[in-house]
Amino acid sequence: MKHTLTLIPGDGIGPEITSVTIDVIKHTGVEIDWEIQEAGVTALEKFHDPLPQSVIDSIAKNKVALKGPLTTPIGKGFRSVNVALRKEFELYVNQRPAKTFKGIKSLYFDNIDLLIFRENLEEFYSGIEHYIDSSRSAAETIGIITRKGSERIIRYAFEYAKKFNRKKLVLVHKANILKYTGGLFLDIGKEVARDFPEVEFSDKIVDNMAMQMVMNPYQFDVIVTTNLFGDILSDLASGLVGGLGLAPGANIGDGIGIFEAVHGSAPDIAGQNIANPAAQILASVMMLEYIGETEAAKKIEKAVANVIEKGESVTRDINKENFVGTKEMGHAIIKELENLS
Ligand code: NAD
């Protein structure tokens with residue numbers, strides 16, 4: 001079956017890592033017609049709009065998109081296109097696995113297998129903020145947590161844990177200080193947990209969680225948390241398994257999914273053929289699973305794992321002494337794929 005999917009190459013390192021990803025997918029034999037759409041700074045420069053309507057129309061039609069990272073100006077300029085896309089399609093789940101690949105030498109821990117579910121729409125990403133007066137003497141951000149928004153992400157995480165036989169789920173919050181927003185999220189977690197007696201439930205305050213994840217990550221399995229904490233803890237989790245170059249993510253709503261790396265557009269290394277394409281490729285693995293191309297997904301994951309384990313054709317973030325470029329790592333993954341067929 002031929003699929004028609006949306007591809008957003010993205011900003012910064014986006015075009016380099018997405019073009020490698022498309023090449024890798026092509027070599028599995030899965031047939032995809034890619035509708036290429038520009039967003040972010042690239043679209044702003046070309047069309048004077050960081051999120052043209054054509055991008056929204058294409059995703060609405062195809063229901064699945066592979067997205068490169070998009071730049072968001074810091075402290076000024078247009079609001080995040082990533083956040084806008086999540087809102088537009090009500091992508092309330094942000095699923096971010098962090099799994100160790102064999103062969104990475106710089107790690108403190110082996111065999112990490114963490115899965116973070118981050119609420120993707122509410123709280124401090126609502127974009128409701130302003131200066132309280134024209135002299136900018138103070139600023140206010142409003143973080144809204146709703147029963148509906150909390151329940152659906154927590155229930156999704158529990159259902160996933162049950163389906164894939166994951167034993168433990170920890171809900172991360174700051175309900176000691178954020179008594180209403182954090183308190184509501186925690187209370188709903190306790191309520192939902194009653195429907196899943198097979199999954200061991202606990203909760204942790206976020207600052208303690210950050211320390212515990214660094215000291216002993218093995219005590220955790222599935223993690224569910226609010227938007228900002230999920231954003232931060234998923235970067236922390238990626239650090240436990242070798243960095244952002246290895247961390248994929250999926251934004252999922254009802255019947256629609258946008259798949260991307262956890263990392264951003266990395267302007268410091270853009271255009272130099274040094275970015276690690278693995279996170280983007282692993283996001284495409286999540287996408288292929290989502291569209292039912294399970295065999296191809298498994299093969300790509302195995303090919304990436306083999307290349308990392310051999311350690312000869314990886315980018316410099318993985319092996320500082322002996323490294324290749326983005327494209328060359330892609331070629332090595334394709335070669336592994338061919339050996340697997
Ligand atoms: P970043 O994730 O782009 O980069 C952080 C560090 O990790 C940098 O040193 C970078 O070189 C390195 N890095 C990132 N990806 C890498 C890869 N594939 N291979 C090797 N090294 C890699 O974070 P940032 O610098 O804080 O943000 C840059 C821009 O990206 C900002 O505009 C930000 O808003 C945006 N951003 C977008 C997304 C997204 O599109 N989902 C996510 C995060 C940040």
Side-chain angles (χ1 to χ4, degrees), residues 7-21 24 37-45 50-51 55 65-87 89 91 94-96 98 101 104 106 116 118 120-121 124-125 127 227-228 230-239 241-252 257-284 286-287 304 307-308 314-320 323-330 333:
L7 173 69
I8 302 173
D11 298 319
I13 58 171
E16 299 166 70
I17 56 175
T18 49
S19 85
V20 167
T21 304
V24 168
Q37 296 290 333
E38 314 268 22
V41 171
T42 315
L44 186 69
E45 283 163 8
L51 183 54
V55 180
L66 183 66
K67 188 182 86 54
L70 298 171
T71 298
T72 309
I74 295 173
K76 58 180 169 36
F78 63 85
R79 285 204 170 271
S80 166
V81 173
N82 302 306
V83 172
L85 284 171
R86 291 167 190 167
K87 272 194 188 161
F89 295 108
L91 307 173
N94 195 337
Q95 183 177 336
R96 295 183 157 184
F101 287 99
I104 299 173
S106 59
I116 297 183
R118 161 190 175 195
N120 216 15
L121 297 172
F124 297 119
Y125 290 68
N227 207 337
L228 180 61
D231 198 0
I232 298 166
L233 293 180
S234 55
D235 267 36
L236 190 157
S238 85
V241 299
L244 282 170
L246 295 165
N251 302 282
I252 296 172
I258 299 182
F259 298 81
E260 62 182 344
V262 168
H263 64 68
S265 55
D268 53 334
I269 57 168
Q272 300 172 47
N273 192 41
I274 54 179
N276 186 343
Q280 189 73 48
I281 295 171
L282 293 168
S284 83
M286 295 176 83
M287 183 199 74
V304 171
V307 167
I308 293 173
V314 293
T315 44
R316 68 169 191 184
D317 54 308
I318 301 185
N319 188 341
K320 292 211 169 15
F323 55 84
V324 298
T326 310
K327 280 189 200 146
E328 292 68 27
M329 183 165 171
I333 293 168

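Counting starts at 1 for both ligands and their atoms, following the listed order.
- Going from atom CD of Glu260 over to atom CD1 of Ile258 covers 7.5 Å, rounded to the nearest 0.5 Å.
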Discussion item. Please determine whether side-chain contact (heavy atoms from CB on, under 4.5 Å) holds for the pair Thr326 and Ile13, giving the CA-CA distance in whole Å, both sets of side-chain angles, and the decisive distance to 0.1 Å.
Written reply: CA-CA 10 Å; Thr326 310; Ile13 58 171; over 6 Å; no
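- Remark: ligand 1 and Ala266 share an N or O pair separated by less than 3.5 Å (distance only, no angle test).
- The closest approach between Val262 and ligand 1 falls below 4.0 Å for a heavy atom of the residue.
- Under a 3.5 Å cut-off, the side chain of Asn273 and the backbone N or O of Lys327 do form a donor-acceptor pair.
- For atom 28 (C) of ligand 1, the nearest protein heavy atom (residue, atom name, distance) is Pro267 CD, 3.6 Å.
- Nearest to atom 9 (O) of ligand 1 among the protein's heavy atoms is Asp268 OD2, 3.0 Å.
- Put simply, CD1 on Ile269 and CD1 on Ile274 are 5.0 Å apart, with the number rounded to the nearest 0.5 Å.
- Proximity of a side-chain donor or acceptor of Asp11 to a complementary backbone N or O of Gly40 within less than 3.5 Å is not detected.
- Put simply, atom 26 (O) of ligand 1 has no protein non-hydrogen atoms near it, under 4.0 Å away.
- Between atom 43 (C) of ligand 1 and the options Pro73, Gly264, Gly243, Ser238, the minimum heavy-atom separation is to Gly264.
- For Ser80, there are no side-chain hydrogen bond (donor to acceptor under 3.5 Å, both in side chains) partners, not counting sequence neighbours.
- Shortest contact from atom 39 (C) of ligand 1 to any protein heavy atom: Asn82 ND2, 3.2 Å.
- In terms of polar-atom proximity, Ser265 is counted as a contact of ligand 1, with an N or O under 3.5 Å from an N or O of the ligand.
- Under a 4.0 angstrom heavy-atom cut-off, Lys67 registers as being in contact with ligand 1.
- Sorted by first and then second residue, the salt bridge (charged side-chain N to carboxylate O under 4.0 Å, His left out) pairs with a member in residues 242-252 form an empty list; sequence neighbours excluded.
- Contacts between Ser80 and ligand 1, counted as non-hydrogen atom pairs separated by less than 4.0 Å, are absent for every part of the residue.
- For atom 21 (N) of ligand 1, the choice among Asp235, Ile269, Val83, Leu244 with the nearest heavy atom turns out to be Ile269.
- Looking at ligand 1, you'll find an N or O of Thr72 within less than 3.5 Å of one of its N or O atoms.
- For atom 35 (C) of ligand 1, the closest non-hydrogen atom on the protein side is Leu70 O, 3.4 Å.
- Taking the ring centre of Tyr125 as origin, the terminal cationic atom of Arg118 falls inside the region bounded by 6.0 Å and 45° from the ring axis.
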